[in-house]
Amino acid sequence: MFYRQTWAEINLDAIYDNVANFKKYLAKDKALMATVKADGYGHGAVRVAQSALRAGADWLAVALLEEGIELRQAGIQAPVLVLGYVLPEYLPLAQRHRLSVTVPDYAYFEDIAARVSSEEPPLSFHLKLDTGMGRLGIPSLDELEQMVQAYMRLNHASDHNLLNWEGVYSHLATADEQDDAYLRRQLACFDERVELIFKSGIKPRFIHLANSAGLIRQTTGRHTNMVRLGISMYGLLPADWMGGLLPFKLQSAFSLYSALSQVKQVPVGHGISYGCTYRAREEEWIGTIPIGYADGYSRLLSNRAHVLIDGRRYPVVGRVCMDQMMVKLDRPYKRNQRVTLIGKEEDSEVSVDELAGLIGTINYEIPCQISKRVPRVYVGSKPEVQDLLSKDRHLV
Ligand SMILES: Cc1ncc(COP(=O)(O)O)c(C=O)c1O
């Protein structure tokens with residue numbers, strides 16, 4: 001239940017279609033891991049995960065142990081990989097909830113081998129290789145060799161089947177860039193390391209490398225059998241130029257709505273918002289909208305962004321405040337008139353990409369930033385998602 005007139009609408013049909021289309025685009029022998037970290041990139045992890053799984057996703061990825069537990073508590077049974085660092089003392093929780101964890105280096109492996117609990121189900125892990133992202137993962141062949149030897153020693157010790165080496169992966173740093181020189185280097189580095197692991201006789205079940213950009217440009221890696229789809233599952237491109245590479249259209253799943261809380265005429269010279277960075281140039285109609293930077297509508301959008309009302313674009317004037325902002329109108333709209341801050345109305349659109357471009361960031365950040373106090377309302381018309389839809393849809 002919510003009382004405010006500001007909400008984000010998440011179109012589960014779009015998530016479903018994007019995943020189903022990528023599943024068809026993907027080679028038949030490869031699995032699809034749907035990345036639902038950061039509360040499903042701000043869309044709501046549980047609903048996104050459920051829609052993605054129904055559309056054919058095989059795995060889910062989260063960043064935190066908490067995020068994995070949230071999926072399990074919602075009754076989701078699919079395999080889940082925690083991509084981020086998990087403190088070793090919390091590994092029994094990962095075991096209990098059957099969450100696979102990331103091993104970022106040899107020392108961590110040693111630590112978990114010593115701590116893994118025999119009172120819980122076995123712990124599955126995916127080894128992370130740093131092939132050029134410079135974030136988590138083993139960068140050197142020597143350390144990888146050490147890790148392989150340690151795992152084999154452990155495996156030969158008769159009573160130790162508590163650790164299951166389930167996967168190997170790495171992350172691409174430049175797959176969204178047109179110049180593919182660095183991408184090729186990462187691919188070659190990954191191949192070499194995977195081959196080293198295979199040669200030792202260890203055959204982890206899942207090998208994965210590509211993110212959305214890697215998948216879109218069909219560079220998923222020679223030995224891989226899974227991809228990790230993120231941003232494009234939500235209908236957004238990792239980079240503009242990639243649009244032409246896909247044989248299907250992505251459908252953006254995220255819209256943001258509010259409603260006018262006041263409409264008034266102000267005299268010439270009247271200041272709008274803190275600092276009066278905008279002053280009426282004539283008698284002007286000003287509309288107030290109950291959304292602000294505490295809702296994740298960035299203050300950097302002050303005097304820059306536009307909203308849609310009745311299919312027309314109106315500029316944000318003055319500074320975005322914590323809970324409210326103002327727009328300049330060309331007519332006296334009624335109070336409660338619906339406003340689209342992200343989304344489509346008739347032939348007009350304010351896209352996530354447009355807002356990201358205005359504040360010099362990437363599209364990923366925009367829905368992630370929309371804060372928890374903005375309710376997510378789930379819509380869709382497909383039979384596959386009907387039971388996932390919000391019951392208390394807002395009626396503005
Ligand atoms: C390790 C890892 N894999 C996959 C993804 C998904 O990437 P994208 O959203 O670009 O598809 C991310 C997202 O940042 C990630 O950190």
Side-chain angles (χ1 to χ4, degrees), residues 14-15 18-19 21-23 25-26 30-43 45 48-49 52 57-65 67-68 79-86 99-105 125-139 166-177 182-183 186-187 190 206-221 224-243 245-246 250-254 352-353 356 361-369:
I15 305 272
N18 293 331
V19 172
N21 281 327
F22 274 111
K23 199 61 191 173
Y25 183 67
L26 191 61
K30 292 201 201 304
L32 189 148
M33 179 183 269
T35 310
V36 298
K37 61 187 179 141
D39 201 20
Y41 290 37
H43 295 63
V48 168
D58 307 280
W59 271 76
L60 300 169
V62 295
L64 313 176
L65 194 52
E67 293 174 342
V80 174
L81 172 63
V82 181
L83 299 167
Y85 170 72
V86 176
L99 302 168
S100 302
V101 298
T102 293
V103 167
D105 52 42
F125 72 88
H126 292 220
L127 179 70
K128 182 93 186 264
L129 300 172
D130 178 6
T131 56
M133 176 73 180
R135 202 167 59 178
L136 283 186
I138 292 184
E166 184 179 46
V168 178
Y169 76 108
S170 185
H171 195 43
L172 298 172
T174 63
D176 58 333
E177 291 175 14
Y182 197 79
L183 171 64
Q186 276 202 268
L187 286 166
F190 189 66
F206 295 99
I207 314 290
H208 45 114
L209 177 63
N211 50 5
S212 297
L215 171 57
I216 291 172
R217 69 195 298 167
Q218 302 271 20
T219 48
T220 52
T224 68
N225 54 11
M226 184 150 75
V227 298
R228 301 185 307 276
L229 179 65
I231 193 70
S232 296
M233 168 171 70
Y234 303 94
L236 302 172
L237 285 167
D240 277 348
W241 69 271
M242 304 199 96
L245 301 179
L246 281 174
L250 290 178
Q251 298 172 44
S252 179
F254 194 95
V352 169
D353 289 291
T361 187
I362 49 172
N363 51 18
Y364 295 63
E365 198 175 331
I366 300 293
C368 281
Q369 250 178 9

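Residue numbers count from 1 along this sequence. Atoms within a ligand are numbered from 1 in the order they appear, just like the ligands themselves.
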List the atom pairs, with distances to 0.1 Å, where a side-chain N or O of residues 229-241 and a protein N or O form a donor-acceptor pair under 3.5 Å, not counting sequence neighbours.
unit_1: S232; atom_1: OG; unit_2: L236; atom_2: O; d: 2.9
unit_1: Y234; atom_1: OH; unit_2: T35; atom_2: O; d: 2.8
unit_1: W241; atom_1: NE1; unit_2: D176; atom_2: O; d: 2.7

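For the atom pair CG (L215) and CG (L246), the distance works out to 8.0 Å, reported to the nearest 0.5 Å.
Every residue two or more places apart in sequence or in another chain that forms a side-chain contact (heavy atoms from CB on, under 4.5 Å) with D130 is listed here: M133, P139. Residues forming a ring pair (Phe, Tyr, Trp, His ring centres under 6.0 Å) with Y182 (at least two apart in sequence, or on another chain): none.
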Pick out the protein N or O atoms lying less than 3.5 Å from any N or O of ligand 1, and list each pair with its distance.
unit_1: ligand 1; atom_1: 3 (N); unit_2: R228; atom_2: NE; d: 2.7
unit_1: ligand 1; atom_1: 3 (N); unit_2: R228; atom_2: NH2; d: 3.3
unit_1: ligand 1; atom_1: 9 (O); unit_2: Y41; atom_2: OH; d: 2.6
unit_1: ligand 1; atom_1: 9 (O); unit_2: I231; atom_2: N; d: 2.8
unit_1: ligand 1; atom_1: 10 (O); unit_2: Y364; atom_2: OH; d: 2.6
unit_1: ligand 1; atom_1: 11 (O); unit_2: S212; atom_2: N; d: 2.8
unit_1: ligand 1; atom_1: 11 (O); unit_2: S212; atom_2: OG; d: 2.5
unit_1: ligand 1; atom_1: 11 (O); unit_2: G230; atom_2: N; d: 3.0
unit_1: ligand 1; atom_1: 11 (O); unit_2: I231; atom_2: N; d: 3.4
unit_1: ligand 1; atom_1: 14 (O); unit_2: K37; atom_2: NZ; d: 2.9
unit_1: ligand 1; atom_1: 16 (O); unit_2: K37; atom_2: NZ; d: 3.1
unit_1: ligand 1; atom_1: 16 (O); unit_2: R135; atom_2: NH2; d: 3.0

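Of the charged side-chain nitrogens involved, at least one lies within less than 4.0 Å of a carboxylate oxygen, so that D58 and K23 count as a salt-bridged pair.
Aromatic ring orientation, H126 versus F206: parallel (interplanar angle below 30°, classes split at 30° and 60°).
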